[in-house]
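Notes to accompany the following structure.
Numbered from 1 within each chain, the chains take letters A, B, ... in sequence-line order.
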Number of protein chains: 2
Amino acid sequence: MDELLVSEGRALKHVQVREYVRSLVSGSAPGSPAPSERELVHRFGVARMTVRQAMDALVVEGLLERIPGRGTFVARPRRVASRLTSFTEEMSRRGLLAESQTLLARREQAGPGVARALSLSEGDAVIHWRRLRRADGVPMCLEDAYLNEVLIPGFLQSGMPTSLYDALGARGLRPTWAEDSITADAVSEEEATLLEVEPGTAVLRHSRRALSGEKVVEVSRSVYRSDRFTLWVQLGQES
Amino acid sequence: MDELLVSEGRALKHVQVREYVRSLVSGSAPGSPAPSERELVHRFGVARMTVRQAMDALVVEGLLERIPGRGTFVARPRRVASRLTSFTEEMSRRGLLAESQTLLARREQAGPGVARALSLSEGDAVIHWRRLRRADGVPMCLEDAYLNEVLIPGFLQSGMPTSLYDALGARGLRPTWAEDSITADAVSEEEATLLEVEPGTAVLRHSRRALSGEKVVEVSRSVYRSDRFTLWVQLGQES
DNA sequence: TAGTGGTCTAGACCACGAA
DNA sequence: TCGTGGTCTAGACCACTAA
């Protein structure tokens, strides 16, 4: 169902039709009619199966909805599951400015836990990056990230980026899937000082193991101030 | 792309082919070859487009993977996002036996918060169901669920079920999408007594708004013991 | 070279919705 | 009744892979 553009870049017919329809309806309100299949057959001079192939792709994509006997219409946006986002993106989504203060960034030898999580062997080189993360200036989160040095050579030398996920994305390693665990705990003294809360306050502990394709690109442990941060998760598809 | 079974229940050809292939490959290891399209054309005496329609559905579903020039193969299972599960299902997935003790189950008038969350008006009738939930006998969670009485008439009279989601499913109202919020907090005295923890211990507070289609079927607030419960979330698709 | 999936044609009949 | 999408046919040529 993919592109496979021909030699010089001539688009396949079903792709032409698909993109024509996409541009027609993009921006239209849900429920707006798309051109009928037979109308597109005439306009492009192609067979109906070709038009159907184009429309099928848009239906699978969730852009269009077919109603037998009536026509094809712009679908209302589907309710989807949460995207996998970085702290920076998540704060920006909430209208807050994310800032990071690097407390530590160095090469280390992986301990047993980190090695297992990163699918490495104990003692392999990893990058340990500890940051205090603020939103609109308020301490929000203390994060320890561990990265597989082999996947991002020269990372420490290249100057630390603001957004880890942007930096990974630039290397074609943007996380596509992650498993998170979340629990509540009392904050430690060291954490309390950095997060500027009372020792013993309840905090959220968040661990993430993020993959790009089959590669584990990030393992992290974070502590979030619970008075400043609520985790939001959407589950399920469609509806 | 749906069934639309004909009159007496005769299956459509592409459905026959699809289900034949599904039964053939179900249980096969990822990478196992599926029958070629032309082989299925012969076996079923149908046109190739019909076979492709059947295979397309299985590819979209993630069961098969096409490799041009080589053939069609069983796809490795995709890494998917977390399913929307109930407490009962979640505990069972962890190998624990879920039990529920109903502390309260009655008709109430919706307050402003619950009314808004359930898309009702203040004062409308809702069912308030408070349960202490145990896993393998250990108190795990205290949950207050609010349900729209109009959607589940006779719910209170029919005897409370073990699993709310099973009961909703039996009425065609199984949640398909939910938004959850999670935060950490200190446990209250009343909660501490019921959950059998020290007052002031850190706990996870979890709120859920669950929809079945466009209808809000459940609004709940839960408190989880953090020493017994860690929330797991998978984000993203495929990889 | 033989087999595979990817694309495409030019028709056909059906059930369903709206007028 | 007419237009819509749903299903289906019996071919065709292409690019690619593997032997």
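Taking side-chain N and O atoms only, A:Ser36 has no distance below 4.0 Å to OP1 or OP2 of D:dG3. Here B:Arg70 reaches the OP1 or OP2 of D:dA18: one of its side-chain N or O atoms lies under 4.0 Å away. A close approach under 4.0 Å does occur between a side-chain nitrogen or oxygen of A:Thr72 and OP1 or OP2 of D:dG5.
When rounded to the nearest whole Å, the span between CD1 of A:Ile67 and C1' of D:dT4 equals 11 Å. The CD-P distance, from B:Glu37 to D:dA10, rounds to 17 Å in whole Å. If you take CG of B:Leu40 and P of C:dT4, they are 10 Å apart, rounded to a whole angstrom. The CD-C1' distance, from A:Glu65 to D:dG5, rounds to 13 Å in whole Å. One atom, CZ of A:Arg18, and another, C1' of C:dC8, lie 16 Å apart when rounded to the nearest Å. Here D:dG5 presents its C1' atom at 17 Å from CD of A:Gln53, a figure rounded to the nearest Å. Atom CZ in A:Arg52 sits roughly 13 Å away from atom P in D:dT4 (whole-Å rounding). The interatomic distance linking A:Phe73 (CZ) with C:dG17 (P) rounds to 12 Å, in whole Å.
Side-chain polar atoms of A:Glu108 and A:Tyr146 form no donor-acceptor pair below 3.5 angstrom. Judged by distance alone, the side chains of A:Ser82 and A:Gln234 do bring a donor and an acceptor atom under 3.5 Å apart.
Looking at every heavy atom in both residues, B:Thr88 comes nearest to B:Arg133 through OG1-NH2, 3.6 Å.
In this structure, A:Phe229 and A:Tyr224 have parallel ring planes: the angle between them is below the 30° cut-off, well short of the 60° mark. Ring geometry for B:Trp129 against B:Phe155 counts as perpendicular: the plane angle is over 60°, on a 0 to 90° scale with 30° as the lower cut.
When each of B:Glu39 and A:Arg48 is assigned the nucleotide of DNA chain C with its nearest heavy atom, B:Glu39 is the one assigned upstream, toward the 5' end.
When distances are taken from the side chain of B:His14 to each of D:dC8, C:dC8, C:dG5, the shortest belongs to D:dC8.
Checked by distance alone, B:Arg38 brings a side-chain donor or acceptor within 3.5 Å of a matching partner on the base of C:dG5.
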